[in-house]
Amino acid sequence: MFNFLPMRTRSRVLLAPQTTEEGAEAYAAPSAGVNAINIRAIVKMANAADLVLSLKYADDAAGAHAAEYPSNVDIYENGVRQTAAKAHTIDDAEGDFIVDFCIDPATIPDGKYVGLSYLDSNEANLITALIIEDVAYRPTVS
């Protein structure tokens, strides 16, 4: 009973905790057979400078040939659904934010890595990001 989450999900650090003074990006390969992917950005806004988060894909973990994600995805900010998109902006706000990009693995181009990037914001703002995958076995209907 207590081992449900570790058996069902796999999580990895995408962006280690850092300031948002200079833009950055990070990518990870989806796990084989993954059912769903959530990229979660955890943000501490201490300065009201906008922070633009963008969902992207690339050829490798270093971000070679990074491109805008091919389709809009469901986005949640602090648990509140936002308009489906490829990017999300935390506008002129201060405080703590969790932004979730909910990805259908079928929308990731074959052989590509999925990731998150952000534009320059402010040195007082902090971010970290995780990739959380639903890897639980689900039998197919015959």
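Values below: every heavy atom of this structure, side chains too, minus hydrogens, waters and symmetry copies.
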Decide yes or no for Asn78 and Ile98: does some side-chain heavy atom of the first lie under 4.5 Å from some side-chain heavy atom of the second? yes
Any Thr20 side-chain heavy atom under 4.5 Å of Asp120 side chain: no
Determine whether [X] and [Y] fall in the same hydrophobic cluster, where Ile, Leu, Val, Met, Phe, Trp and Tyr are linked whenever their side-chain heavy atoms lie under 4.5 Å apart.
| X | Y | result |
| --- | --- | --- |
| Val34 | Leu55 | yes |
| Leu14 | Tyr113 | no |
| Ile75 | Phe97 | yes |
| Val114 | Tyr27 | no |
| Ile131 | Val73 | yes |

Can you tell me how far [atom2] of [Y] sits from [atom1] of [X], rounded to the nearest 0.5 angstrom?
| X | Y | atom1 | atom2 | value |
| --- | --- | --- | --- | --- |
| Asn35 | Thr9 | CG | OG1 | 11.5 Å |
| Arg8 | Asp134 | CZ | CG | 4.0 Å |
| Glu21 | Leu126 | CD | CG | 11.5 Å |
| Cys102 | Arg81 | SG | CZ | 8.0 Å |
| Asn125 | Tyr118 | CG | OH | 10.0 Å |
| Ser121 | Ile127 | OG | CD1 | 9.0 Å |

Quick check: are there more than 12 heavy atoms from other residues, nucleotides or ligands sitting under 6.0 Å from CD of Glu94? yes
Keeping the roles fixed (side chain from Thr128, backbone from Leu15), state whether a donor-acceptor pair exists under 3.5 Å. yes
Which heavy atom of Arg10 sits nearest to which heavy atom of Ser31, and what is that distance? NH1-OG, 2.5 Å
Heavy-atom pair of closest approach, residues Arg12 and Ala28: NH1-CB, 3.8 Å
For residues 82-91, the side chain to side chain donor-acceptor pair (under 3.5 Å) pairs (sequence neighbours left out) are Glu77-His88
With a 3.5 Å cut-off and sequence neighbours excluded, list the donor-acceptor pairs that the side chains of residues 59-70 form with protein atoms.
from: Asp59; atom 1: OD1; to: Lys112; atom 2: NZ; distance (Å): 2.2
from: Asp59; atom 1: OD2; to: His65; atom 2: ND1; distance (Å): 2.7
from: Asp60; atom 1: OD1; to: Ala62; atom 2: N; distance (Å): 3.0
from: Asp60; atom 1: OD1; to: Gly63; atom 2: N; distance (Å): 3.0
from: Asp60; atom 1: OD1; to: Ala64; atom 2: N; distance (Å): 3.0
from: Tyr69; atom 1: OH; to: Thr107; atom 2: OG1; distance (Å): 2.6
from: Tyr69; atom 1: OH; to: Ile108; atom 2: N; distance (Å): 3.4

Validation: residues 36-51 side-chain donor-acceptor distances under 3.5 Å, sequence neighbours left out:
from: Asn38; atom 1: ND2; to: Asp100; atom 2: OD1; distance (Å): 3.2
from: Arg40; atom 1: NE; to: Asp100; atom 2: OD1; distance (Å): 2.7
from: Arg40; atom 1: NH2; to: Asp100; atom 2: OD1; distance (Å): 3.4
from: Arg40; atom 1: NH2; to: Asp100; atom 2: OD2; distance (Å): 3.2
from: Lys44; atom 1: NZ; to: Asp96; atom 2: OD1; distance (Å): 3.4
from: Asn47; atom 1: OD1; to: Ala49; atom 2: N; distance (Å): 2.8
from: Asp50; atom 1: OD1; to: Asp92; atom 2: N; distance (Å): 2.9

